[in-house]
Undergrad: 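Encoded as structure tokens, here's the structure I'll be asking about.
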Amino acid sequence: MLRNKKILAILSLLISIAMWTYVMGTVDPVTTKMVTGIKVTSSGDDYLKNHNLEAELTGPEVIDIKIRGKRSAINKAVKGGITATVDVSHCEYGENEAEISVIIPRGIRGVSVLKMSDETETFVVK
């Protein structure tokens, strides 16, 4: 009787591993993931340089985001390099604040940003 219980326990474990492998490999479930340490960079610097100005970011240097999508798409997005940028091209002299844009690598569909640690960046145009 005790031997039958051990065999059933082992069989149950093997079946659960097989089912988990099937779901993770074939079904590709929707999941969420925290991605940390995304560096915030500026875009549109050329416009400012043409007007003898430059922008100095004074807000957060890195942000953390929570993304949602199919597991395979999230893994591709993280490996492809998610970026965060602030468009400084339409800002005025002095202190400014602009929205941070999170950019998912090209060709990856179905990944959305649920939450960001910081949504705006402050910077000084001088």
Undergrad: Indicate yes or no: at least one non-hydrogen side-chain atom of Ile103 is less than 4.5 angstrom from one of Thr85.
TA: yes
Undergrad: Looking only at non-hydrogen atoms, find the nearest pair between Asp28 and Arg71 and report the distance.
TA: OD1-N, 3.4 Å
Undergrad: So, for Thr31 and Ile74, which heavy atoms are closest and what is the spacing to 0.1 Å?
TA: O-CD1, 3.4 Å
Undergrad: Answer yes when Lys39 and Glu61 have at least one side-chain N-carboxylate O distance shorter than 4.0 Å, and no when they do not.
TA: no
Undergrad: Quick one: closest heavy-atom pair of Glu92 and Val125, and the distance?
TA: O-CB, 3.4 Å
Undergrad: Determine the sole option in Ile82, Val102, Leu114 for which the side chain to side chain contact (heavy atoms under 4.5 Å, CB included) test with Ile67 is passed.
TA: Ile82
Undergrad: Should Met19 and Ile15 count as side-chain neighbours, where that means a heavy-atom distance under 4.5 Å?
TA: yes
Undergrad: Measure from the side-chain N and O atoms of Asp87 to the backbone N and O of Ser89, and report whether any donor-acceptor pair falls under 3.5 Å.
TA: yes
Undergrad: Mark yes or no for whether Asp118, through its side chain, and Pro60, through its backbone, hold a donor-acceptor pair below 3.5 Å.
TA: no
Undergrad: Find the distance between NZ (Lys126) and CD (Glu54) and round it off to the nearest 0.5 Å.
TA: 6.0 Å
Undergrad: State, to 0.1 Å, how close Ile108 and Ala73 come at their nearest heavy-atom pair, and which atoms those are.
TA: CG2-O, 3.6 Å
Undergrad: With the side chain counted from C-beta on, respond yes when Glu99 and Glu119 share a heavy-atom pair under 4.5 Å apart, and no when they do not.
TA: no
Undergrad: Heavy atoms only: give me the nearest Gly81-Pro105 pair and the separation to one decimal.
TA: O-CG, 3.6 Å
Undergrad: Compute whether any side-chain donor of one residue and acceptor of the other, for Asp45 and Ser42, lie under 3.5 angstrom apart.
TA: yes
Undergrad: Considering only heavy atoms from C-beta outward, does the side chain of Ile100 approach that of Thr120 to under 4.5 Å?
TA: no
Undergrad: With the side chain counted from C-beta on, respond yes when Leu48 and Val88 share a heavy-atom pair under 4.5 Å apart, and no when they do not.
TA: yes
Undergrad: Go through the steps to decide whether Val124 and Asn96 satisfy the test side chain to side chain contact (heavy atoms under 4.5 Å, CB included), and finish with yes or no.
TA: CA-CA 6 Å; Val124 177; Asn96 294 271; over 6 Å; no
Undergrad: Keeping Glu121 on the side-chain end and Val86 on the backbone end, is there a donor-acceptor pair under 3.5 Å?
TA: no
Undergrad: Of all heavy-atom pairs between Thr36 and Asp64, which one has the smallest distance, and what is that distance?
TA: CA-OD1, 3.1 Å
Undergrad: Under the side chain to side chain contact (heavy atoms under 4.5 Å, CB included) rule, what do Ile65 and Val35 come out as? Steps first, then yes or no, please.
TA: CA-CA 5 Å; Ile65 63 170; Val35 183; 3.9 Å; yes
